[in-house]
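Some notes on the structure that comes next.
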Amino acid sequence: MDDINLHYRYLNWRRRIREIREVRAMRFQERYKRMLKDGDTLSYQGNSDEVGCYVAPRPLSKGNCYFEVTIMDTGVRGTIAVGLVPQFYKLDHQPGWLPHSVAYHADDGKLYNGNTVGQQFGPKCSRGDRIGCGIHMDSFEAGLTTVFFTKNGKEVGSVVIPASPDGLFPAIGMHSLGEEVRLDLQAEWGPDEDDSVMMVDSHEDDWGRLHDVRVSGMVLEYTGKGKSIMDVGLAQARQSLSTRSHYFEVEIVDPGEKCYIALGLARRDYPKNRHPGWSRGSVAYHADDGKIFHGSGVGDPFGPRCFEGDVMGCGIMFPRDYILNSEDDSDDGENVEVQPKQRRVQNVLYFNDEDEEEEDGEEMEQEHEGRKVMVFFTRNGKIIGKREVVVPPGGFYPTIGMLSSGEKVKVDLHPLSG
């Protein structure tokens, strides 16, 4: 009899061990629906009518309290969500929509905290941006957890939510064709924050005015609403162009939604909500339509449109007598060519009388002060056209305008300095 009882006890013990293993295997198993996972890359596989969701196998913990998602492609709508959810969250809902979940949504910059109605929280995110999410481990007081979100390593904001006994699991949601992200569940945040701030500070001094534009090193990022023509983001250099520094360049890092990027020259007191070229005392080349705008909201056909990776340049060819001690030797403005492998514009500083006579006799700004100069524009190192203008009092300042979500440009204010 004792042998039979011992046998049944042994069978029960083996069954319990098997059940425990199954529970543990299920607990630490990633879950996803309508997504394709290839290594650390997740891509949406639905029909844009249904949500795809991924939930990580383990919750955030003291040893691993932060993760990041890099947007590789925004797809049709950019409806990508990053946040934290319970372990068995329903995979046909975006993170943040259901109770006990919270998420930062890239398409509208809103925070969704257990509700399908979001609250304005931070900037929108686009291709190339990194969205991070973490918890402050020292905030576990009275059953509450502080969840914070970052964009490109910089904290956007935080929210306090009830602590979950089973933990909060990293989650990513997608909802339109073409969306793709790269997931890093071992990301760290914090140590390099000061370095990032130092980098930004070292280049902010180059700019005299910034409106709805964020500086990060040499990169300018549009942060405005992008809803109407009054939502222009403007960046104007601190120093005007001169015979010592007469040319600058802009590389389109991200064209954003519409590529409403303009590069040109403007007077110092130029309106902050007007694209360069739209108002008097300015001239600009616009990337979206290839037109030149010269003190008017109506542009003229000028050059090719510009896209991601293109480098747009703007400079001034000064008259030879613009300064007293001008150099006798200079390049001819009509024969500017690009070095084959350098894609650098030759240091064209002066224009001659023949150039001036050949230009269209277009009506210029009627300003009593200032001198005539030839403003030229380049695309990928080649001059595409010129426009004779009058320098406003105080000089012409390098000015960049942006007007649609996600636009980013890399600026070099001194590309000819070696």
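Remember, it's a predicted structure, so these values are computed and weren't measured experimentally.
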Is it true that [Y] and [X] share a donor-acceptor pair across their side chains at a distance under 3.5 Å?
| X | Y | value |
| --- | --- | --- |
| Tyr112 | Ser101 | no |
| Glu179 | Thr79 | yes |
| Glu30 | Tyr32 | no |

For the pair [X] (side chain) and [Y] (backbone), establish whether a donor and an acceptor sit closer than 3.5 Å, ignoring hydrogens and angles.
| X | Y | result |
| --- | --- | --- |
| Arg238 | Trp207 | yes |
| Thr150 | Gly132 | yes |
| Arg274 | Ser279 | no |
| Arg268 | Gln236 | no |
| Arg127 | Gly78 | no |
| Arg31 | Cys53 | no |

Determine which pairs satisfy salt bridge (Lys or Arg N to Asp or Glu O under 4.0 Å) with at least one residue from residues 286-296, sequence neighbours left out, and list them in order.
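Non-adjacent pairs meeting salt bridge (Lys or Arg N to Asp or Glu O under 4.0 Å): zero.
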
Would you check, one step at a time, whether the test side chain to side chain contact (heavy atoms under 4.5 Å, CB included) holds for Lys408 with Asp129?
CA-CA 11 Å; Lys408 293 181 185 178; Asp129 285 332; 2.6 Å; yes

Would you check if the distance from the ring center of Phe293 to the ring center of Phe302 is below 6.0 Å?
no

Side chains of Ile135 and Leu84: does their closest heavy-atom pair fall under 4.5 Å?
yes

Under 4.5 Å between any side-chain heavy atoms of Gln94 and His175, yes or no?
yes

If you apply the rule salt bridge (Lys or Arg N to Asp or Glu O under 4.0 Å), what do you find for Asp92 with Lys90, and how did you get there?
CA-CA 6 Å; Asp92 53 356; Lys90 293 182 179 180; over 6 Å; no

For Leu234, which of Val213, Thr399, Leu403 qualifies under side chain to side chain contact (heavy atoms under 4.5 Å, CB included)?
Thr399

For Asn115, which residues count as a side chain to side chain contact (heavy atoms under 4.5 Å, CB included) partner, sequence neighbours excluded?
Val117

Test of understanding: with ring-ring contact (aromatic ring centres under 6.0 Å, His included), list the residues that count as partners of [X], not counting sequence neighbours.
| X | answer |
| --- | --- |
| Phe121 | Tyr104, Phe149 |
| Phe248 | none |
| His275 | Trp278, His286 |

Can you name the side-chain hydrogen bond (donor to acceptor under 3.5 Å, both in side chains) partners of Thr74, sequence neighbours left out?
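Counting only residues at least two positions away or on another chain, Thr74 forms no side-chain hydrogen bond (donor to acceptor under 3.5 Å, both in side chains).
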
I'd like to know whether Asp254 forms a side chain to side chain contact (heavy atoms under 4.5 Å, CB included) with Ile252, so could you lay out the CA-CA distance, the side-chain angles of the two residues, the decisive distance to 0.1 Å, and finally the verdict.
CA-CA 6 Å; Asp254 193 329; Ile252 300 177; over 6 Å; no

Would you please classify the geometry between the Tyr66 ring and the Phe148 ring as parallel, tilted or perpendicular, with 30° and 60° separating the classes?
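It falls in the parallel class, under 30°.
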
Looking at Arg77 and Asp108, is there a salt bridge between them, counting it only when a charged N and a carboxylate O are closer than 4.0 Å?
no

